[in-house]
Amino acid sequence: MVTVDHEHEKQAAAEAAANLVTDGMLVGLGTGSTVAYLLAALGRRNLAISCVATSPATEALATRHGLRIQPFEEIDHLDLAVDGADQVDPRCWLIKGGGGAHTRERIVAAAAYRFVVIVSSNKLVERLQAPVPLELLAFGLDSTLAALSGAVLRSAPRTPDGGVLADLHGDVSDPDQLSARLNATPGVVGHGLFPPTMVSMVLIGRGGEVESRQPVA
């Protein structure tokens with residue numbers, strides 16, 4: 001039986017994404033263990049770039065690697081955003097938010113001219129599976145939960161923006177329909193379903209290689 005080193009795959013995908021960054025770029029940085037490899041790779045390149053971080057953890061680690069972080073204010077676009085994903089299906093629908101930063105990650109991805117996703121091969125799935133991470137407004141929380149059958153609160157601190165984290169269990173076979181329903185539910189601040197239309201490219205570490213996957217509309 002061949003043992004797959006998924007940490008090495010994550011590092012390879014992250015380093016491939018770091019090579020897309022050039023001097024002068026404004027770069028959005030996601031959150032998570034794969035992004036940690038990206039931050040290290042960018043730090044080694046010593047580029048003249050500015051970055052926006054999606055979480056306090058990313059900001060702290062990026063600063064330790066010598067990257068310049070600025071607030072996401074008075075900025076109307078990013079040149080590139082790079083982030084990981086918990087699941088990627090064949091169309092490049094994503095489930096994100098295992099780390100609870102999915103609302104900020106969506107804002108950063110949407111603001112970028114290019115959103116590049118970096119994953120190891122074990123993140124590829126034939127069909128998305130629950131749970132779908134949620135960020136909910138604290139105001140009216142019980143009412144929001146009553147409208148979301150299968151939503152379970154996480155035992156986790158509130159997000160930096162005051163949101164309550166939860167996970168939605170149930171059928172994810174039609175991500176288009178589920179995403180639309182979540183978008184239309186009052187009290188849902190953000191959710192972890194990211195459509196292919198947001199994704200420019202997925203870089204997949206597989207063994208000793210890095211593959212590129214393009215989204216399918």
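Here the structure is a predicted model, which is why all the values come from computation and not from measurement.
- Heavy-atom neighbours of Glu209 CD from other residues, nucleotides or ligands within 6.0 Å: at or below the threshold of 12.
- For the pair Thr34 and Val119, the minimum side-chain heavy-atom distance is 4.5 Å or more.
- Considering Met198, Lys96, Glu135 as possible partners of Arg106, the one that fulfils the side chain to side chain contact (heavy atoms under 4.5 Å, CB included) test is Met198.
- In this structure, CG on Leu145 lies 6.0 Å from CG on Leu136, to the nearest 0.5 angstrom.
- Using a 4.5 Å heavy-atom cutoff, the side chains of Thr144 and Leu148 are in contact.
- Side-chain atoms of Arg45 come within 3.5 Å of backbone atoms of Ala18 as a donor-acceptor pair (strictly under, hydrogens ignored).
- From Ile107, atom CD1 reaches atom OG1 of Thr54 across 10.5 Å, with rounding to the nearest 0.5 Å.
- Of all non-hydrogen atoms in Leu168 and Ser149, the two that sit nearest each other are CD1-O, 3.4 Å.
- Neither side chain, Gln129 nor Arg127, offers a donor N or O lying under 3.5 Å from an acceptor on the other.
- Proximity of Gln70 to Ile75: side-chain heavy atoms (C-beta onward) are separated by under 4.5 Å at one or more points.
- Shown are Leu38, Val117, Val35; of these, the side chain to side chain contact (heavy atoms under 4.5 Å, CB included) with Asp83 is made only by Val35.
- Both Val21 and Leu67 are members of a single hydrophobic cluster when ILVMFWY side chains are connected at heavy-atom separations under 4.5 Å.
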Run the numbers on Arg206 and Leu124 for side chain to side chain contact (heavy atoms under 4.5 Å, CB included), then give the verdict.
CA-CA 11 Å; Arg206 193 188 295 276; Leu124 304 179; 3.2 Å; yes

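- Taken to the nearest 0.5 Å, the CG atom of Leu94 stands 8.0 Å off from the CG atom of Leu128.
- Under a 4.0 Å N-O distance rule, the pair Asp176/Arg91 qualifies as a salt bridge.
- The two residues Leu20 and Met25 make their nearest non-hydrogen contact at O-CE, 3.6 Å.
- For Gln214, the CD atom is densely surrounded, since the number of other residues' heavy atoms within 6.0 Å is greater than 12.
- Of the possible polar contacts, one joining the His191 side chain to the Leu193 backbone as a donor-acceptor pair under 3.5 Å is found.
- Side-chain atoms of Asp23 come within 3.5 Å of backbone N or O of Ala48 as a donor-acceptor pair.
- Here the shortest heavy-atom pairing between Leu78 and Gly28 reads CD1-CA, 3.9 Å.
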Q.
I'd like to know whether His65 forms a side chain to side chain contact (heavy atoms under 4.5 Å, CB included) with Leu42, so could you lay out the CA-CA distance, the side-chain angles of the two residues, the decisive distance to 0.1 Å, and finally the verdict.
A. CA-CA 8 Å; His65 284 295; Leu42 288 175; over 6 Å; no

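- Distance check, rounded to the nearest 0.5 Å: CD of Glu7 to OG of Ser33 gives 6.0 Å.
- Side chains of Leu80 and Val116 form a contact here, defined as non-hydrogen atoms less than 4.5 Å apart.
- Summarising the geometry, atom CZ belonging to Phe194 is positioned 14.0 Å from atom SG belonging to Cys92; distances are rounded to the nearest 0.5 Å.
- In this structure, Gly100 and Leu165 approach most closely via the heavy-atom pair O-CD2, 3.7 Å.
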- prompt: Could you walk me through whether Glu126 and Asp89 pass the side chain to side chain contact (heavy atoms under 4.5 Å, CB included) check?
  reply: CA-CA 5 Å; Glu126 285 301 314; Asp89 82 357; over 6 Å; no

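- Here the side chain of Ser200 pairs a donor or acceptor atom with the backbone of Phe115 at under 3.5 angstrom.
- Annotation for Phe139: hydrophobic cluster partners, listed by chain and number, are Leu137, Val189 (ILVMFWY side-chain heavy atoms under 4.5 Å, direct or chained).
- Listed here is the closest heavy atom pair of Ser179 and Trp93: CB-CH2, 4.0 Å.
- Between Asn183 and Val188 there is no side-chain heavy-atom pair separated by less than 4.5 Å.
- Under the 4.5 Å side-chain contact rule for hydrophobic residues, Ile204 and Val210 do not share a cluster.
- A salt bridge links Asp167 and Arg154; the closest N-O separation between the charged side-chain nitrogens and carboxylate oxygens is under 4.0 Å.
- The cationic atom of Lys10 (NZ for Lys, CZ for Arg) does not lie both less than 6.0 Å from the six-membered ring centre of Tyr37 and within 45° of the ring axis.
- Closest heavy-atom contact between His8 and Gly207: CD2-O, 3.7 Å.
- For the residue pair His6/Glu9, the side-chain donor-acceptor check at 3.5 Å is satisfied.
- Side-chain atoms of Pro160 and Ser55, non-hydrogen and from C-beta on, never get closer than 4.5 Å to each other.
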Applying side chain to side chain contact (heavy atoms under 4.5 Å, CB included), run through Leu203 and Ser212 and close with a yes or a no.
-> CA-CA 5 Å; Leu203 294 175; Ser212 174; 4.2 Å; yes

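- When atom types are taken as modelled, the side chain of Asp86 and the backbone of Gly98 share a donor-acceptor pair closer than 3.5 angstrom.
- Hydrophobic clustering, with ILVMFWY side chains joined whenever heavy atoms are under 4.5 angstrom apart, keeps Val152 apart from Leu182.
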Walk me through it: do Glu105 and His102 pass the test side chain to side chain donor-acceptor pair (under 3.5 Å)?
CA-CA 5 Å; Glu105 289 170 344; His102 42 287; 5.7 Å; no

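- Expressed to the nearest 0.5 Å, how far CG of Leu29 lies from CD1 of Ile49 amounts to 7.0 Å.
- A heavy-atom distance below 4.5 Å is found between the side chains of Ile95 and Pro133.
- For the pair Val52 and Val108, the minimum side-chain heavy-atom distance is below 4.5 Å.
- Looking only at atom types and distance, the side chain of Asp171 has a donor-acceptor partner in the side chain of Ser173 under 3.5 Å away.
- When atom types are taken as modelled, the side chain of Thr58 and the backbone of Gly30 share a donor-acceptor pair closer than 3.5 angstrom.
- Cluster membership check: Ile118 shares its hydrophobic cluster with Met201, using side-chain heavy-atom separations under 4.5 Å among Ile, Leu, Val, Met, Phe, Trp and Tyr.
- Note on Leu134: it clusters hydrophobically with Leu141, by side-chain heavy-atom contacts below 4.5 Å among ILVMFWY residues.
- Residues Glu15 and Arg44 are paired through a salt bridge, judged by an N-O separation under 4.0 Å between the basic side chain and the carboxylate.
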